[in-house]
Amino acid sequence: MCGRATLTVPSFEELARLLGVPYDAELAARYRPRFNMAPSDEHWIVAPFGSTARSLLPAKWGLSIGPKRLPNVRGEHAHKQLKNFAHARCLVPVDGFFEWSGDKGARVPHWFHPAQPHSLLLLAGVYGEGPEGFDFTVLTTKPNAAVAKVHDRMPVVIPTELADQWLRGDQDEALSLVKPAPDDLLVDTVVSTRANSARNDDPECLLPPTDAEAPRQRKLF
DNA sequence: CCAGACGTTGTT
DNA sequence: GTCTGG
DNA sequence: CCAGACGTTGTT
DNA sequence: GTCTGG
């Protein structure tokens, strides 16, 4: 669940503006819009850092715990099973995520995203810091009605106005935000199987499937 | 006390 | 960061 | 998450 | 079947 995401905002400057964080020209060089971001990729997290209320920091998707990297952790158990929960919460800015339907070998990607283009989703994350910098995991929860049609888990989405509650609230305040998103938050768009391979990371990943590649979706009448 | 662990996903 | 095991 | 790989030998 | 890479 939530093993692929998008952040298509064209520029780092616009991303900083949307997030309400200071624009850092040095970090901007590391930014590129993402149409098919995968675990192990460099991404970005928002977290309280140093004396700054909110910083936008580069971080690798996949929290190192022992020898493993975890793209996701169940939100329901994070407070018990991930002992740094109370001390390393973060937000993961995306503007969509993928889930797959269909049989193995014929997977059909669904892009779940806000109706408004470039409207951000703030995913609930937990981050750590290792020898090679920051890394993070995305917390999951039960799906809302839209996502339930495809899968049985979805990422925890934090409402913009409650971002500080997630980042700076106590554990109970933060835990109360671990729940499915409202049913009307996301649009389910079936897209090209080009998105199946993480080697493809371009706007074509978000186009509708061609008839040739999606015979199962084709309407017969 | 210190050392070491700390987990999810989908699929059958 | 914090809990468990030795 | 899905796709793709999954290996050895000796020689430079 | 399982692990790695993207």
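Heavy-atom basis, side chains included; hydrogens, waters and symmetry copies ignored. Just so it is clear: chains get the letters A, B, ... in the order the sequence lines come, proteins before strands, and each one is counted from 1.
Rounded to an integer number of Å, the gap from A:R4 CZ to B:dT9 P is 16 Å. Here D:dC2 presents its P atom at 16 Å from CE of A:M37, a figure rounded to the nearest Å. Between the CG atom of A:D202 and the P atom of E:dG6 there is a distance of 17 Å, rounded to whole Å. When the P atom of D:dA3 is taken as reference, atom CH2 of A:W100 falls 8 Å away, rounded to whole Å. Between the CD1 atom of A:I65 and the P atom of C:dT2 there is a distance of 15 Å, given to the nearest Å.
One finds a side-chain N or O of A:R107 lying less than 4.0 angstrom from the OP1 or OP2 phosphate oxygen of B:dT11.
Distance noted for atom P between D:dC2 and B:dT11: 6 Å (whole Å). D:dT8 and B:dA5 have their C1' atoms separated by 37 Å, given to the nearest Å. For the P atom pair drawn from D:dG7 and B:dC6, the interatomic distance equals 27 Å after rounding to whole Å. Look at the P atom in both D:dA3 and B:dT12: the space between them is 14 Å, to the nearest Å.
Here the side chain of A:L70 is nearest to one of B:dT8, B:dG7, B:dG10, namely B:dG7. Relative to the side chain of A:H77, the nucleotides B:dG7, B:dG10, B:dT8 differ in distance, and B:dT8 lies closest. In the set B:dT8, D:dC2, D:dC1, D:dC2 carries the atom at the smallest distance from any side-chain atom of A:N196.
Salt-bridge annotation for A:K149 and A:D188: absent, with no side-chain N of the basic residue lying under 4.0 Å from a carboxylate O of the acidic one. A salt bridge links A:D201 to A:R34: one of the charged nitrogens lies within less than 4.0 Å of a carboxylate oxygen.
Within 4.0 Å of A:R153, counting heavy atoms only, lie sugar-phosphate atoms of the nucleic acid but no base atom. A:T140 comes within 4.0 angstrom of the backbone, heavy atoms only, and of no base. Within 4.0 Å (heavy atoms only), A:D201 reaches no atom of the nucleic acid at all.
A chain of hydrophobic side-chain contacts below 4.5 Å, direct or via other Ile, Leu, Val, Met, Phe, Trp or Tyr residues, connects A:L167 to A:I158.
For a distance-only test at 3.5 Å, the side chain of A:S40 fails to qualify as a donor-acceptor partner of the base of E:dG5.
Using Watson-Crick or G-U wobble geometry with both donor-acceptor distances under 3.5 Å, D:dG7 finds no partner in any strand shown. Nucleotide E:dG6 forms a Watson-Crick or G-U wobble pair with D:dC1, both donor-acceptor distances falling under 3.5 Å.
The 12-atom threshold is not exceeded at CD of A:E132, counting heavy atoms of other residues, nucleotides or ligands nearer than 6.0 Å.
For A:W61 (side chain) and A:P71 (main-chain N/O), a donor-acceptor pair under 3.5 Å exists by modelled atom type.
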